[in-house]
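Letters go in sequence order (proteins before strands), and every chain restarts at 1.
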Protein chains: 2
Amino acid sequence: MKSKLSTIDIEPVSHQTMADIVELKLLAFLKKNAFKPGDALPKEMELAEALGVSRNILREALSRLRVLGMVDSKKRRGMVLTSPDILGSLEKVMDPLIIDESTLQDFFELRLTLEMGLADILFIRKTKKDIAELEQIALAEKVRDKNDVAFRIKSEVEFHGKIYRMTGNHTMQRFQTMLLPIFGHLVTVEKKPAVAKVTHLDLVNLLKTGTIEEFRKGMRDHLGPHFKRILK
Amino acid sequence: MKSKLSTIDIEPVSHQTMADIVELKLLAFLKKNAFKPGDALPKEMELAEALGVSRNILREALSRLRVLGMVDSKKRRGMVLTSPDILGSLEKVMDPLIIDESTLQDFFELRLTLEMGLADILFIRKTKKDIAELEQIALAEKVRDKNDVAFRIKSEVEFHGKIYRMTGNHTMQRFQTMLLPIFGHLVTVEKKPAVAKVTHLDLVNLLKTGTIEEFRKGMRDHLGPHFKRILK
DNA sequence: TTTGTTAATTATGTACTACATAAGTATATT
DNA sequence: AATATACTTATGTAGTACATAATTAACAAA
């Protein structure tokens, strides 16, 4: 016999383990006491005792802070708070196969949004040297067979990667690199060849002699096939 | 006596612990065997034995995957791979006080870039209802004293938050919420009152009757004071 | 004073054992 | 067939023991 609700919309009881609690308590402790990078943390035994848990559990919690890049430790020297590697943990998780479809779609849109917003910073930071290098990448594409899929993807990555590098924003650059597998995953799934109206070379010329608005319009057209995706 | 180099540019030797290695091995194992969310992982003892480490160490590594939202486990039932909460780990780390200045600046620019790129998706997804709600927020600002800093920040957050919500992109929305403390940190540090040429109400009107380009131009002017920051 | 050697100290890293606990599984009972 | 009971199992937690690297202290030699 069927239940009234096909899918019961109720949250399962949360099974908070000691490690979960200790993790939160440690984060709160660090925040409350305004710990800064370089500051030494209390010893494991002191923390364990203060928290009323075994050293084992404490270390499981500390291990989580380690993967977040928040604490570093060496033998005898003890533990210190470190400036976390923000994107480091993201990179470990960025596997299209285990991320749910909805989130993948979100990140796809996030990438398009970034690409459209880049123009402003790009025009502030662009240099003749960078533009010349970008042009080289765009020119290199023409000498190869357009049906060589692997090469096309490679040069696509190279071109847009260069644009991100031109912003001088290292975080943004890493973010883009991180998003690549997702982008690749979604694009390879669909069959469309996705021919862009505006080529890379067109974009280079807009960057050289056009205005911000013109460049952005070009980028919008270049990404046209991708934007069509989200019009579902 | 002073050394030749004020700061010695050399990387310290990496101290890879067993937990570090096991963490990487687990990630590789999951990837190689194409584990998908819902799949059951081998038992702790089996993994520990296969890896040649104690259950302790294995659990420290597993604890890291847990904080990344990649594995969940219950007693007797065993462990299962879960679809990771991508931004969850980011949120734990997003503390302006422990993130280095350079990264903070990067995220600040990232936020501006997103804001400038939002226009396209916004015009695709906007609804009369959302615009009306956005207008309410903008109108509510006028009745209050402009010198009430707390209120000004609150309404600023509310307005831009609503814009992100209007994209229907939940990840982007969370991302923005996450970036708020950073934004607040950098803005409160500087003394400038930061008066924008284009008000929130202007933006609402552009969203109602203007074109994408006009809206984006308005947003650019609205963010003018912030863009001046990055012209350093 | 500086340099080099040795020994003691200490906090983290790793292993192992033991038991608690929740959640299935099988068995017995009505 | 339904219910109650005992058994089994994999994770959760605690505790002990020892290895190891890094620091300090003490001391000796140049």
Side-chain angles (χ1 to χ4, degrees), chain A residues 1 3 8 10-26 29-30 35 37-82, chain B residues 1-4 8 10-26 29-30 35 37-82:
Chain A
M1 186 177 161
S3 154
I8 303 170
I10 186 168
E11 284 228 354
V13 286
S14 69
H15 292 287
Q16 277 220 123
T17 66
M18 281 297 156
D20 293 330
I21 296 169
V22 170
E23 177 205 329
L24 294 176
K25 290 221 176 199
L26 283 178
F29 170 75
L30 295 175
F35 272 75
D39 290 351
L41 270 69
K43 300 162 209 164
E44 288 185 354
M45 280 312 295
E46 291 174 8
L47 285 173
E49 207 161 334
L51 289 160
V53 296
S54 71
R55 195 170 154 233
N56 245 338
I57 295 300
L58 174 74
R59 281 183 61 84
E60 284 190 19
L62 284 172
S63 193
R64 300 185 184 187
L65 301 197
R66 273 190 251 279
V67 81
L68 297 178
M70 285 185 69
V71 303
D72 191 27
S73 53
K74 290 210 191 75
K75 286 183 177 162
R76 160 88 205 210
R77 185 181 158 190
M79 297 181 288
V80 292
L81 189 72
T82 58
Chain B
M1 185 176 159
K2 231 181 175 178
S3 155
K4 247 183 188 167
I8 303 170
I10 187 169
E11 283 228 352
V13 288
S14 69
H15 296 284
Q16 277 221 123
T17 65
M18 281 296 154
D20 293 329
I21 297 169
V22 169
E23 177 205 329
L24 294 176
K25 290 222 177 198
L26 284 177
F29 170 76
L30 295 175
F35 273 75
D39 289 352
L41 271 69
K43 301 161 209 166
E44 287 185 354
M45 280 312 294
E46 290 175 6
L47 285 172
E49 208 161 335
L51 289 159
V53 296
S54 72
R55 195 170 152 231
N56 244 337
I57 296 300
L58 174 74
R59 282 182 61 83
E60 284 190 19
L62 284 172
S63 193
R64 300 184 183 187
L65 301 197
R66 273 190 252 278
V67 81
L68 297 177
M70 285 184 69
V71 304
D72 190 28
S73 53
K74 290 212 191 75
K75 286 184 177 160
R76 160 87 203 205
R77 184 183 158 189
M79 297 180 289
V80 293
L81 189 71
T82 58

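With the nearest nucleotide of DNA chain D identified for both B:R66 and A:R55, B:R66 has the one nearer the 5' end.
Side-chain N/O atoms of A:T17 include none lying less than 4.0 angstrom from OP1 or OP2 on D:dT11. Under 4.0 angstrom from either OP1 or OP2 of C:dT12 there lies no side-chain N or O belonging to A:R59. Using a 4.0 Å cut-off, no side-chain N or O of B:K74 falls inside it from OP1 or OP2 of C:dA23. Contact annotation: A:K43 side-chain N/O to C:dA11 OP1/OP2 distance is under 4.0 Å. Taking side-chain N and O atoms only, B:H15 has a distance below 4.0 Å to OP1 or OP2 of D:dA22.
If you check C:dG24, D:dA21, D:dT11 against the side chain of B:S73, the one that comes closest is D:dT11. With C:dG13, D:dT8, C:dT9 as the choices, the nucleotide that has an atom nearest any side-chain atom of A:R76 turns out to be C:dT9.
The base of C:dG13 is not paired with the side chain of B:N56 by any donor and acceptor separated by under 3.5 Å.
A side chain to side chain contact (heavy atoms under 4.5 Å, CB included) with A:V22 holds for exactly one of A:T17, A:I57, A:L62, A:L47; it is A:I57. For the side-chain hydrogen bond (donor to acceptor under 3.5 Å, both in side chains) criterion with B:R55, the lone passing option out of B:E60, B:E44, B:E49 is B:E44.
With respect to B:R77 and B:D72, no salt bridge is recorded, no charged nitrogen being found less than 4.0 Å from a carboxylate O.
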